[in-house]
Structures are given as structure tokens and as C-alpha cells.
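Below: one structure, written as C-alpha cells.
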Amino acid sequence: MKRWSQFFVPTLKESPADAEIASHKLLVRAGLVRKLSGGLYTFMPLGLRVMQKISQICREELEREQPAHQRPGAIELWMPHVHPAELWEQGPRWAAAREIMFRADSAGSGKGRAKEPEFVLGPTHEEIITPLVKQEITSYRDLPKNFYQIATKFRNEIRPRYGLMRAREFVMMDAYSFDADDEGAIKSYLAMKASYEAFFRRIGVKAIAVEADTGVMGGSFSHEFMVPAEIGDDDVIYSEAGYAANREKATSALVPKDLADAAPVGAVEKFATPGVVTIAQLEAAPYSVSGDTQFKTLVYIGDGKPFLVVLRGNDELEEAKLGSLGFTLFRPATAEEIEPVLGAKPGSLGAVKGTIKNASALAGVFADHAIRLIGNGVTGANEDGFHLKNVNVSRDLAITKFGDFRRVRTGEPCPQSGQPLQSRRGIEVGHIFKLGTKYSDKFGAVYTDDQKQSHPMVMGCYGIGVSRTLQAIIEQSHDADGIIWPWAVAPFQVLICLLDPKLPDAVAMAEKLAAAAESAGADVLLDDREERPGVKFKDADLIGIPLRVVIGGKGLQAGVVEVKPRASKDVEKVELGRAEARLIELVRAASGAQGAAA
RNA sequence: CGGGGUGUAGCUUAGCCUGGUAGAGCGCCUGGUUUGGGACCAGGAGGUCGUAGGUUCGAAUCCUAUCGCCCCGACCA
């Protein structure tokens, strides 16, 4: 039991000026965190307690065996946060990852510094765990293994945001699975998915698993765990039938699978379009070419080489989908880079065979499936001020490969059920990746099988943003007065408000009830401060302890104490003689409900 | 990094346009009256107005630079 007067819960009446969203304001007002600098926060005693509770439940769920997926629990370890830069240079993504990494060299004399960092701060640990496992595991007998840690991560976010939502330093659970083969890796992946689901259920968070892009992490498939919230950074595309995917990854059944290629309507014909450089201008009179029958040609630079992406005029590129092309780094080309390759400025570009000035310079021409709906359309002539019509997809375009590159729109048919797709914002609190052998190949993490054959280990990696989850809980569970903590992660489960700390009978009752609640397994905070009742009630609502017990002079005279769940408006008056038993009953019911959920 | 905004006491802020002794509320300290939803009265402490230059007799206020922070975009747990 903690006594408020001896503890440290600095609450604020007013919201800090730099907090925009409810959860961020409440984090600070309830005394859970204090800001050091942008994206850097101190966890105050109350905030730390919540982190520890979340972490502990996370451990329990990760270490639980998953018999349904034939996988043992994960194993906790602890890795350094300062990483030799060499390891990252050896790994597969140094070029892409270094931009978000802090360097951790000697601060030196202040007179200049080395060009390249010797040490970096870890944004994640694939580059550390893979060499470790290579060194320690060489036999199929030692597989599968899944190692995890709950530790600080460092990312030099260009724009930290919303308190703990996107911080430069944050607490993450990161896990890494190693399997002998692909089948095993899928079992490990599914086992982790099950652990995540149990974890989020137990901490009282409504998180849904959605299909996701693998990003710079690489790998073959992945799911994100999203907490639905307006302030989330991600768009989740879903249908009533159960399909759910990050917008970056989402597809639709817009293009029928059995769509036949259109027959050409005539020869390709050049026509003058002076000054026309946008889809919209070509849609307008006198040209009146609907956007849905125009080809939009975009130029990107992938690992130094230009490539083309062809979309329908009205469709938008979903840039993340270009990740499937296999480039380590890619970006839109500049106008200066485009002209020597295509022969025209942006606005008159196209991918018709024979019109590209320097086609051999291209790393490829990638077309979205949806252009097949056009059949015969209009595109740039690669000559400023001219376009081509009667352009037939299969006859005229120099397509290297078709793929899914367009951003889906709500209302399009769900790829699984055909129902209209919908969209909502979400906070990404967890991510699981099936990595394959991307890292084990690079670092030579191989094992020997029972036939004396050597194989690369098949990996998976998994993250839960612990500090972000903490804030997501507040975002999901608060009202106008403050936080409403779910029982399992509340910094304390029972708050005893001692309205008259000078009244010996009241103090005795408070101590007795505290002991009773503790005996039933609750963490108890006793508000023994010399404050007016109003202050205590406001603070109680603000910090959101799930069960509040009020012991006041008036109540004692009437022979009762009051019990009120934070989430409810109803006060229960309990006779003094029954108070202990009733409190124990309520604590057991609340913890039992959690246990059942787990 | 591009765009927008903002820095005044521990916190929330007024004053800036139109230069002339820096003001309030909360919090804090002392005393008193209070005591079931952020009490009241009296007294008090606390500010190099982000920093550095400049203009001026005089700068929180005008100009320049610089730093921090917040928001929108690209990235992520």
C-alpha cells in the first residue's frame, strides 16, 4: 500500500500548452510522464507502474506455450543498446535505416568528428540477435527458438508527435524467432499472433490484426495490431466480412480476375496538346479525355536507376507498394533526371514502346493491374506538348511487370467478399513479420540438419510498442474527467479516499480496508493528503484508479463507506461491518474477470 | 527536410499591432476562517520577457540571425 502523501503524483489542473490530443494531455495532467525535450519523456512513478504492469503481462503471454501452433514460449534476454556500426553495415538495410539512427560516438573534444559513426543506438535488434544466434546455434536440435526483450529503442524521428505516440526514445518489446524451415517459421509466426491477441485482450485493449506492408524490415508477410482511434497515423481498410489491411497494403477486387485484354480500336495516333501537363487539363475541353482512360506515367529512381510506374489517370500511387519491387532505396525522380531518359518533361510522359528516348537506362516499367481496365487510352508522347491516343495496353506499352501499385478507395469491392471497403484510422501498437532468410543469409546464421546438410535459419521478428500502447490505452479509455484504467494495467487498482485523515476511526477503517484489498490481490493507493474532498475527488477521477473507496465523516456517522467504480456513476454504500468482505468480493470479481479474459 | 505557428514566474497566459517602471489566474510560503466534487480572506516570495546582435534617448514590443517547442506532409512500435 502506498500513501499518497508519501508518494509522488504531481497532478495538474490545466493541460500543458504543447499537448494536443486527449491522451497526451492526460498523461501529463495525471502525473504519469514529464517531458524532457521533443520525443523524450521521463516516466514518473505512476507512469512507470503502468509500464511495468503492461510489460509483465507481455512477458507472461509471450512465455506461454502455444500448443495449438506447436510452439514453446519465447525466452527473455537483454541486448546492448549501443551497437557497433559495422554490424549494421554488414546487414541488409544500413542505407535505409541509418537515417533514423542516432550515432553514439565519443563526444570527443568538440573539434570535428569522424565522417562515419563507430557506434549507433539501436532502433531494433535484428543486426545484433542474428550474429548472436549464428554463434550459439548450429544444430537443428536447438531449433526453433524465439528470443525477446523489453527494452528502450532509439529512433531519430524527424517529427516526434503526440507525447509517447512517436517518441525518439521509447520502450518496445522486440522478439526474434529462428526456425529450421518455412513451415516452422509460419508456426512461430502464428504462435506470436496468438500471443499478441491474448496480450491485448488481457490488458483491456481493443486491437485488431490487419495485413500490413513489410517496409524497410523486409520479409514475406506481416500483420499490424491496430487500436482504432481518430488520432491514429494509419488508415485501416476493412470490410464487414472481416478483411482488414493497412491502406499501404490493401487491395480491392476492382479488376476482375478473368478480365480479357481489350482489342485495339485503331492505330496509335499523336495529337497536339500544347500546355497540357495534368490529368485534369486533359479531362477538360477541348480534349475531354476521362481520367479513367488516361495512363499516368510516374518516374522513380530505385537504387540509382530510373524506373516507370504506370497507373490509371484517376488512380493514386500507393508508394509503399513499390517496396515489392526489391529496391533498397527509391524516390520520385526530379524533372532534371526525367528529361534525358524519357525525352520530355513531366506532363507529357508515357510508356509506349519506341517513344522512350533512352529505354535501356530504365530498371523497368511497372504497371498497375487497373490499367488493363482502360484497354485503349491516352498517354503522353514523350514529346512536350503531345499525347497519344488509341494506346492499347497489351499491344503498345512496354510493360516489364504488372503489379498492385494503386491506392484503394473506400467503396471498392473487398478482395475476399466483394462487399464495399471501408476505412478508419488506427494506432499501430504491434507488428509481426515473417522475415524469411534476409538476415540469416547476410550474417551466415545457418544450422546443420539430421542429414548433415547446412541451411539458413528462417526468421520472424515481432514488436510491441509498450510505451505507445500505454498511451493508446488512455486514448481508448478516458472521459471528460480523466483516465479510466483497465484493471490489469492500472497503476493501482483500489484508491481509498480518506476524507478526514485526522479522524482516528476513519484512519483505522482505511488501513483495514487497504489490508483487505491487498489480501485479495489489489494494489492500493491511500489518499491521506490534507486536502479538501473536492480536490481528492477530482484527482481520483483524473488518475483513473478503477475502484474508489470513500471514507468520510458523514459516511462514518451513517455507518457506511462508499464504493464506486471509476467507469460507473453509481455509488454503492456499504455498511461498515460488511465493508471488508464486500471490498474483497469486488477485487476478486474484477481480477477474475481479467483472468477469464486471459 | 518543406509549409504554418509559437517562445513572458513551476503551470496556463495578458501585454507586442501603435516602443516609455512586466500584469493576471493556478500552484507555492505565512496567518486565519473553512471542509462531500478543484474553498475564502489577508499578507508574501518568484520573471536577464528563449538566445545573440542591431535600430533607438529608451526594446517583451521594431529589424536580423540563431535555438527550442507545437501543428500539417514523407517515416515508424
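Below, chains carry the letters A, B, ... as their sequence lines are ordered, and counting in each starts from 1.
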- Query: When only distance counts, do a donor and an acceptor, one from the side chain of A/Arg548 and one from the base of B/G37, lie under 3.5 Å apart?
  - Reply: yes
Mind checking if A/Asp174 touches a base, just sugar-phosphate, or nothing, with heavy atoms under 4.0 Å? nothing
Looking at A/Arg161, I'd like to know whether one of its side-chain N or O atoms comes within less than 4.0 Å of OP1 or OP2 on B/C75. no
If you measure from the C1' atom in B/U66 to the same atom in B/G7, how many Å do you get, rounded?
14 Å
query = Hey, does the side chain of A/Lys35 come within less than 4.0 Å of B/C70's phosphate (OP1/OP2), counting only N and O?
reply = yes
Stem ranges of RNA chain B by first residue number, counting only runs of at least 3 Watson-Crick or G-U pairs under 3.5 Å, come to B:1-7 with B:67-73, B:10-13 with B:23-26, B:28-33 with B:39-44, B:50-54 with B:62-66
Taking B/G37, B/C76, B/U12 as options, the one with an atom nearest any side-chain atom of A/Arg155 is B/C76
Within residues 36-50 of chain A, the residues having a heavy atom closer than 4.0 Å to RNA chain B are A/Ser37, A/Gly38
| request: List the steps and the verdict of ring pair (Phe, Tyr, Trp, His ring centres under 6.0 Å) for A/Phe225 and A/His223. | output: CA-CA 7 Å; A/Phe225 284 76; A/His223 282 87; 7.5 Å; no
A/Glu169 CD to B/C76 C1', in whole Å, measures 16 Å
Looking only at B/G37, B/A39, B/A77, the nucleotide nearest the A/Arg532 side chain is B/A39
Students often get this wrong, so: under 4.0 angstrom with heavy atoms, is A/Asp481 touching a base, only sugar-phosphate, or nothing? nothing
Which of B/A74, B/G38, B/A77 is nearest the side chain of A/Ile158? It is B/A74
Span that lies between the C1' atom of B/G3 and that of B/A45, in whole angstrom = 44 Å
Practice problem: Have a look at A/Pro16 and say if it touches a base, only the backbone sugar-phosphate, or nothing, with a 4.0 Å heavy-atom cut-off. | Solution: sugar-phosphate
Quick note, A/Ala17 side chain, CB onward, closest among B/U13, B/A77, B/G37 is B/U13
Quick one: label A/Ala19 by what it contacts on the DNA or RNA (base, sugar-phosphate, nothing), any heavy atom closer than 4.0 Å.
nothing
| Hey, is A/Phe537 doing a stacking thing with B/G38, by the 5.5 Å centroid and 30° angle criteria? | no
To the nearest angstrom, the CD1-C1' distance between A/Ile203 and B/A77 comes to 13 Å
In whole angstroms, the gap separating P of B/U35 from NZ of A/Lys502 amounts to 13 Å
Checklist entry - What distance, rounded to whole Å, do you find between the two P atoms, one in B/G43 and one in B/U48? => result 26 Å
The nucleotide from B/C76, B/C69, B/G36 with an atom nearest the side chain of A/Asp18 is B/C69
### Message
Classify A/Arg29 by what it touches in the nucleic acid, base, sugar-phosphate, or nothing, heavy-atom distance under 4.0 Å.
### Response
base
Between NZ of A/Lys13 and C1' of B/C28 the distance, given in whole Å, is 13 Å
Assign the ring pair A/His24 / A/Tyr41 to parallel, tilted or perpendicular, where the plane angle (0 to 90°) is split at 30° and 60°. perpendicular
Does the side chain of A/Arg166 get closer than 4.0 angstrom to OP1 or OP2 of B/C76 through an N or O atom?
-> no
Practice prompt. Mind running ring pair (Phe, Tyr, Trp, His ring centres under 6.0 Å) on A/Tyr176 and A/Tyr148 for me, showing each step along the way?
Written response: CA-CA 6 Å; A/Tyr176 308 89; A/Tyr148 79 98; over 10 Å; no
Margin query: Between B/G68 and B/C49, how far apart are the two C1' atoms, rounded to whole Å?
Written below: 16 Å
Side-chain atoms of A/Glu20 come closest, of B/C75, B/C71, B/G36, to B/C71
>> Could you check whether atom NZ of A/Lys512 has more than 12 heavy atoms from other residues, nucleotides or ligands sitting under 6.0 Å from it?
In response: no
Nearest-nucleotide check on RNA chain B, A/Phe225 vs A/Ser15; residue mapping nearer the 5' end is A/Ser15
Base, sugar-phosphate alone, or nothing: which one does A/Val535 contact when heavy atoms must sit under 4.0 Å apart?
-> base
Atom CZ of A/Arg468 and atom P of B/C76 are separated, to the nearest Å, by 11 Å
From CZ of A/Phe330 across to P of B/A74 the rounded distance in Å is 14 Å
Kindly indicate whether the side chain of A/Asn156 and the base of B/C76 share any N or O donor-acceptor pair separated by less than 3.5 Å? no
Same-atom distance (C1') from B/G53 to B/C67, integer angstrom: 14 Å
Legend entry - Separation of the P atoms in B/G47 and B/A24, to the nearest angstrom: 15 Å
Taking the six-membered ring of A/Phe492 as reference, does the cationic atom of A/Arg49 (NZ for Lys, CZ for Arg) lie under 6.0 Å from its centre and within 45° of its axis?
yes
*Would you kindly check whether a donor in the side chain of A/Arg529 faces an acceptor in the base of B/G38, or vice versa, at under 3.5 angstrom?*
no
* Asked: Taking atom types as they are modelled, is there a donor-acceptor pair under 3.5 Å from the base of B/G25 to the side chain of A/Glu14?
  -> yes
Between B/U30 and B/G46, how many Å separate the two C1' atoms, rounded to a whole number?
15 Å
Result for side-chain contact (heavy atoms from CB on, under 4.5 Å) between A/Leu470 and one of A/Val429, A/Val33, A/Val171, A/Leu27 points to A/Leu27
With a 4.0 Å cut-off on heavy atoms, is A/Met165 in touch with a base, just the backbone sugar-phosphate, or nothing at all?
-> base
B/G10 and B/C28: how far apart are their P atoms, nearest whole angstrom? 15 Å
Closest of B/G36, B/A77, B/C71 to the A/Arg159 side chain is B/C71
Let's go through A/Ser177 and A/Tyr462 carefully: what are the C-alpha distance in whole Å and the side-chain angles of both, what is the deciding distance for side chain to side chain donor-acceptor pair (under 3.5 Å) to 0.1 Å, and is it a yes or a no? CA-CA 8 Å; A/Ser177 67; A/Tyr462 316 90; 2.7 Å; yes
Rounded to whole Å, CG of A/Asp528 lies from C1' of B/U35 at a distance of 17 Å
At less than 4.0 Å, is any side-chain N or O atom of A/Tyr162 found next to OP1 or OP2 of B/A77? Yes or no. no
